[in-house]
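Report on one structure; see the data block that follows.
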Amino acid sequence: MVGIDAAIANAFRRILLAEVPTMAVEKVFVYNNTSIVQDEILAHRLGLIPIRADPRLFEYRNQGDQEGTEIDTLQFQLKIKCKRNPHAAKESSDPDELYFNHKVYSKHMTWVPLGNQTDLFPDADFRPVHDDILIALLRPGQEIDVLMHCVKGIGKDHAKFSPVATASYRLLPDITLLQPIEDEAAETLQKCFSPGVIEIQNINGKKVARVANARLDTFSREVFRHEGLKNLVRLARVRNHYIFSVESTGILPPDVLVSEAIKILMGKCQRFLNELDSVSME
């Protein structure tokens, strides 16, 4: 992002963290749970599993609505029972060999269509983002049988709705060599920065340092530890050039998240302008 104020950049960061909606498990109906994981802990773990479902296809659930409908709720079922493997070797102590279904993973969660969702979403593949999230460990005779309702929400209400693992930004580094740096000093300078920041060119038989890509610098300030170099380099930041890093949880791609954040910010601005207009009319 280039040419904007820091407040705008921070607004995008905060919207990405807390105001772009996603679908997450909100209610867990426990029919049977004989595992060592308590019902409340199990429900909390299920809530934090990211669900691959486009939130733009759904509406927010009404506050007093307990049941949910096909336009505001996704239903998942987790039903699994651990059994002993009758063909396991007697001397074996490996749980993977001794038991069936002793590890409960997110892949065991299955989508149960509500109402006419099969017609509404004929090509949908609603499921957890990752299949290998460990939910619980079971032993023979133990079982879990739960029904889950996923609803649309935002990270401001609960962290499980946040669509990003991290959203951050930094200013573009600006590195200036105040005078030519050659030979051994050039090699030392190159080691002071991240790989790719400083390159050494061979000019008239001399090794000469030049700034290749300041963007890669991590601002370690290592150069200031060297007496012979610290006065030859100026480190600064470009004040209106922001390098954004958006790491999605996998529910939506990062580029979609950024475009949704822009729409939300535009909506906030429009509401503010409408409020000003209504006040001026009064």
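Throughout, residue positions are numbered sequentially from 1 according to the sequence presented.
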Exercise: identify the closest heavy-atom pair between [X] and [Y]:
{"X": "Ile154", "Y": "Ala18", "value": "CB-O, 3.4 Å"}
{"X": "Pro21", "Y": "Pro55", "value": "O-CG, 3.2 Å"}
{"X": "Ile4", "Y": "Tyr242", "value": "O-CE1, 3.4 Å"}
{"X": "Gln117", "Y": "Thr73", "value": "NE2-O, 2.7 Å"}
{"X": "Leu98", "Y": "Ala89", "value": "CD2-O, 4.4 Å"}
{"X": "Val197", "Y": "Phe193", "value": "CB-CB, 3.8 Å"}

Side-chain contact test, heavy atoms from C-beta onward, threshold under 4.5 Å: evaluate it for [X] versus [Y] and give yes or no.
{"X": "Gln142", "Y": "Ile36", "result": "yes"}
{"X": "Ile51", "Y": "Phe76", "result": "yes"}
{"X": "Leu16", "Y": "Leu257", "result": "yes"}
{"X": "Leu147", "Y": "Gln75", "result": "yes"}
{"X": "Ser168", "Y": "Glu247", "result": "no"}

Under 3.5 Å donor-acceptor pairs involving side-chain atoms of residues 208-216, not counting sequence neighbours:
from	atom 1	to	atom 2	distance (Å)
Arg210	NE	Glu199	OE2	2.6
Arg210	NH2	Glu199	OE2	2.9
Asn213	OD1	Arg215	N	3.2

Would you mind listing the cluster partners of Leu48? Hydrophobic ones only (ILVMFWY), side-chain contacts under 4.5 Å, chaining allowed.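 Taking Ile, Leu, Val, Met, Phe, Trp and Tyr as members, Leu48 stands alone, with no cluster partners.
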Using the rule that Ile, Leu, Val, Met, Phe, Trp and Tyr join whenever any side-chain heavy atoms are under 4.5 Å apart, tell me whether [X] and [Y] fall into a single cluster.
{"X": "Ile80", "Y": "Val37", "answer": "yes"}
{"X": "Trp111", "Y": "Val151", "answer": "no"}
{"X": "Ile251", "Y": "Val256", "answer": "yes"}
{"X": "Leu229", "Y": "Ile198", "answer": "yes"}
{"X": "Ile15", "Y": "Ile262", "answer": "yes"}

Rounded to the nearest 0.5 Å, what separates atom [atom1] in [X] from atom [atom2] in [Y]?
{"X": "Leu137", "Y": "Ser35", "atom1": "CG", "atom2": "OG", "value": "9.5 Å"}
{"X": "Leu78", "Y": "Ile144", "atom1": "CG", "atom2": "CD1", "value": "6.0 Å"}
{"X": "Leu42", "Y": "His44", "atom1": "CG", "atom2": "NE2", "value": "11.5 Å"}
{"X": "Ser220", "Y": "Arg225", "atom1": "OG", "atom2": "CZ", "value": "9.5 Å"}
{"X": "Tyr169", "Y": "Met1", "atom1": "OH", "atom2": "CE", "value": "10.5 Å"}
{"X": "Glu19", "Y": "Leu265", "atom1": "CD", "atom2": "CG", "value": "9.0 Å"}

Donor-acceptor contacts, no H, no angles, side chain residues 158-165, under 3.5 Å, sequence neighbours left out:
from	atom 1	to	atom 2	distance (Å)
His158	ND1	Lys160	N	3.0
Lys160	NZ	Val25	O	2.7
Lys160	NZ	Glu26	OE1	3.0
Ser162	OG	Leu17	O	2.8

Cation-pi check, Lys152 onto Tyr60 ring (under 6.0 Å, within 45° of axis):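 The answer is yes, since Lys152 meets both limits relative to Tyr60.
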So, is the end of the Arg237 side chain (NZ or CZ) under 6.0 Å from the ring centre of Phe219 and within 45° of the ring's axis?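 Yes.
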Do side-chain atoms of [X] reach the backbone of [Y] as a donor and acceptor pair under 3.5 angstrom?
{"X": "Lys207", "Y": "Ile200", "result": "no"}
{"X": "His226", "Y": "Val223", "result": "no"}
{"X": "Asp72", "Y": "Gly68", "result": "no"}

Considering residues at least two apart in sequence or located in another chain, which fulfil the side-chain contact (heavy atoms from CB on, under 4.5 Å) criterion with Phe100?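 So Phe100 forms a side-chain contact (heavy atoms from CB on, under 4.5 Å) with Asn85, Pro86.
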Which residues satisfy the side-chain contact (heavy atoms from CB on, under 4.5 Å) test with Lys27, sequence neighbours excluded?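 Applying side-chain contact (heavy atoms from CB on, under 4.5 Å) to Lys27 gives Phe29, Arg61, Gln66, His149.
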Give a yes or no on this: more than 12 heavy atoms of other residues, nucleotides or ligands lie within 6.0 Å of atom CD of Gln201.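 Enclosed.
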Would you say CZ of Arg139 has more than 12 non-hydrogen atoms from neighbouring residues, nucleotides or ligands within 6.0 angstrom?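 For Arg139, atom CZ is crowded (more than 12 foreign heavy atoms under 6.0 Å).
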Show, in sequence, the C-alpha distance, side-chain angles and deciding distance for Gln77 and Asp145, and conclude whether the side-chain contact (heavy atoms from CB on, under 4.5 Å) test is met. CA-CA 8 Å; Gln77 185 179 38; Asp145 183 6; 4.2 Å; yes
Quick one: side chains of residues 118-134, donor-acceptor pairs under 3.5 Å with protein atoms, not counting sequence neighbours, listed by atom name and distance.
from	atom 1	to	atom 2	distance (Å)
Asp125	OD2	Arg127	NE	2.9

Give the C-alpha distance, both sets of side-chain angles, the deciding distance and a yes or no for side-chain contact (heavy atoms from CB on, under 4.5 Å) between Asn32 and Val30. CA-CA 6 Å; Asn32 193 8; Val30 182; over 6 Å; no
Under the criterion side-chain contact (heavy atoms from CB on, under 4.5 Å), I'd like the reasoning laid out for Val258 against Phe12: C-alpha separation, chi angles, the key distance, then a yes or no. CA-CA 8 Å; Val258 172; Phe12 281 121; 6.0 Å; no
Assess the side chains of Asn10 and Arg13: does a donor N or O sit below 3.5 Å from an acceptor N or O?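 Checked: Asn10/Arg13 side chains pair up, N/O donor to acceptor below 3.5 Å.
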Can Leu252 and Asp54 be said to form a side-chain contact (heavy atoms from CB on, under 4.5 Å), step by step? CA-CA 7 Å; Leu252 290 171; Asp54 192 336; 4.0 Å; yes
